Amino acid sequence: MFIDEVKIKVKAGDGGNGCLAFRREKFVPRGGPSGGDGGRGGDVVLVANPNYNTLLHFRFNPEHTAERGRHGEGSNRTGREGESTEVPVPVGTIVYDADTGEQLVDFTEAGQRFRVAKGGRGGRGNARFTSSTHQTPTEHEDGRPGEERRLRLELKLLADVGLIGFPNAGKSTLISRISAAKPKIADYPFTTLEPNLGVVSANDDYTSFVVADIPGLIEGAHEGHGLGIQFLRHVERTRLLVHLVDVSESSGRDPVNDFQVILTELASFSEELAAKPMFVVASKIDVAQDQARIESVRSLAEERGLPFFQISAVTGQGIDVLKRAMAERVLSHEPPVSAML
Ligand SMILES: Nc1nc2c(ncn2[C@@H]2O[C@H](COP(=O)(O)OP(=O)(O)OP(=O)(O)O)[C@@H](O)[C@H]2O)c(=O)[nH]1
Ligand SMILES: [Mg+2]
């Protein structure tokens, strides 16, 4: 299963206790207090690591702790500090405090770090309590407990292009044609149950961009019909939506209606998503005998000033043109979102 949300527990190391000791040595009468301080506990730090693409590793490992500080010892020896623990998260992870709901950090760049649990301070040893009037202190402190927290991690895939459309429109087939992704493809709705990412290399040079294939939407998805619209958050940050409309006769669908339904569902997710740049793509043209079906989609695109394409993932017709246009759109301005990976 694709995991895009997990709850984890983090616990920083406790501080070591301060020590109660007095110097006892031959020929040193009344040696002073010599209890050392406890060491500080280690922190738990999340680090954005580009080698991770999912939150899957947390499923088997939902608790992360850091080492406690050592206790102080006699002869004024301070306890060693506890080792901090670094926990890798994929770029694109947003971390919330699971109890308060507060957003703590949004990992947008590889290497970005954030301390989620602070190690406890070490306790002071009795040597620290000495003063001119207090020569034989017996006070010493316990270390403070390390911070403990429950976190909710949410991963938004950082894709440059999002493929959207009705179930069966050919989204997974398209991503399998333009990238190395091998999603499940089948002739029934809701084949895709979790988002797939594919890396598409632009023809002419070494640049590439990331395309996300998400489960299909149907009318009323925002009310939970079908698989709902929660997957739209994976395309929230894309630069471009590629909207596939099945124009084949065998679909038994009305492409114009399909197109409008999807726009409504996008708008009910967010205004931003509805306003995103969009390519309109008539798909399965190899099995569209009636040219009017293709033309109806073309005019929808034209009315809205959106670029129009027609493809067949089976014959390959139009795929290169579409791919090049996607690359151009995504790579022309700033570096692609996925280049941060
Ligand atoms: N003839 C023809 N069939 C196609 C084309 N593209 C996809 N198909 C077929 O359409 C069916 C659905 O394709 P998918 O790629 O699984 O569709 P999807 O949009 O990913 O569907 P969901 O994952 O259910 O949302 C499969 O049987 C494909 O083989 C095409 O260009 N021409
Ligand atoms: Mg699919």
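The structure displayed is predicted, hence computed values, not measured ones. Just follow the structure's listing: the first ligand is 1, and inside any ligand the first atom is 1.
Salt-bridge check for Lys9 with Glu148: passed, with a basic side-chain N closer than 4.0 Å to an acidic carboxylate O. Salt-bridge formation is detected for the pair Arg124/Glu141: a Lys NZ or Arg NE/NH1/NH2 atom is positioned less than 4.0 Å from an Asp or Glu carboxylate oxygen.
Annotation: Ile185 places no N or O atom under 3.5 Å from an N or O atom of ligand 1; distance criterion only. Looking at Ser283 next to ligand 1, no N or O pair under 3.5 Å apart turns up. The shortest N or O to N or O distance between Gly170 and ligand 1 is under 3.5 Å. In terms of N/O distances under 3.5 Å, ligand 1 is approached by Gly216. Here's the thing with Ile285: none of its N/O atoms is less than 3.5 angstrom from an N/O atom of ligand 1.
For atom 13 (O) of ligand 1, the nearest non-hydrogen atom of the protein is Thr173 OG1, 3.4 Å.
Scanning Gln310, Lys284, Lys171 for the heavy atom closest to atom 8 (N) of ligand 1 points to Lys284.
Put simply, the residue from Arg152, Arg149, Arg150 that forms a side chain to side chain donor-acceptor pair (under 3.5 Å) with Asp99 is Arg150. The only option from Arg128, Arg77, His140 that meets the side chain to side chain donor-acceptor pair (under 3.5 Å) definition with Asp37 turns out to be Arg128.
Remark: Arg329 is not positioned above the aromatic ring of Phe279, lacking an NZ or CZ atom under 6.0 angstrom from the ring centre and at most 45 degrees off the axis.
For Gly165, the heavy-atom gap to ligand 1 stays at 4.0 angstrom or more.
The Mg ion (ligand 2) has no N, O or S atom of Thr191 under 2.8 Å away, backbone or side chain. Put simply, Thr192 gets within reach of the Mg ion (ligand 2), with an N, O or S atom under 2.8 Å from it.
Put simply, the side chain of Asn126 gets close to the backbone of Gly35: a donor and an acceptor are under 3.5 Å apart.
Atom numbering of ligand 1 starts at 1 in the shown order; those under 4.0 Å from a heavy atom of Pro189 are 24 (O).
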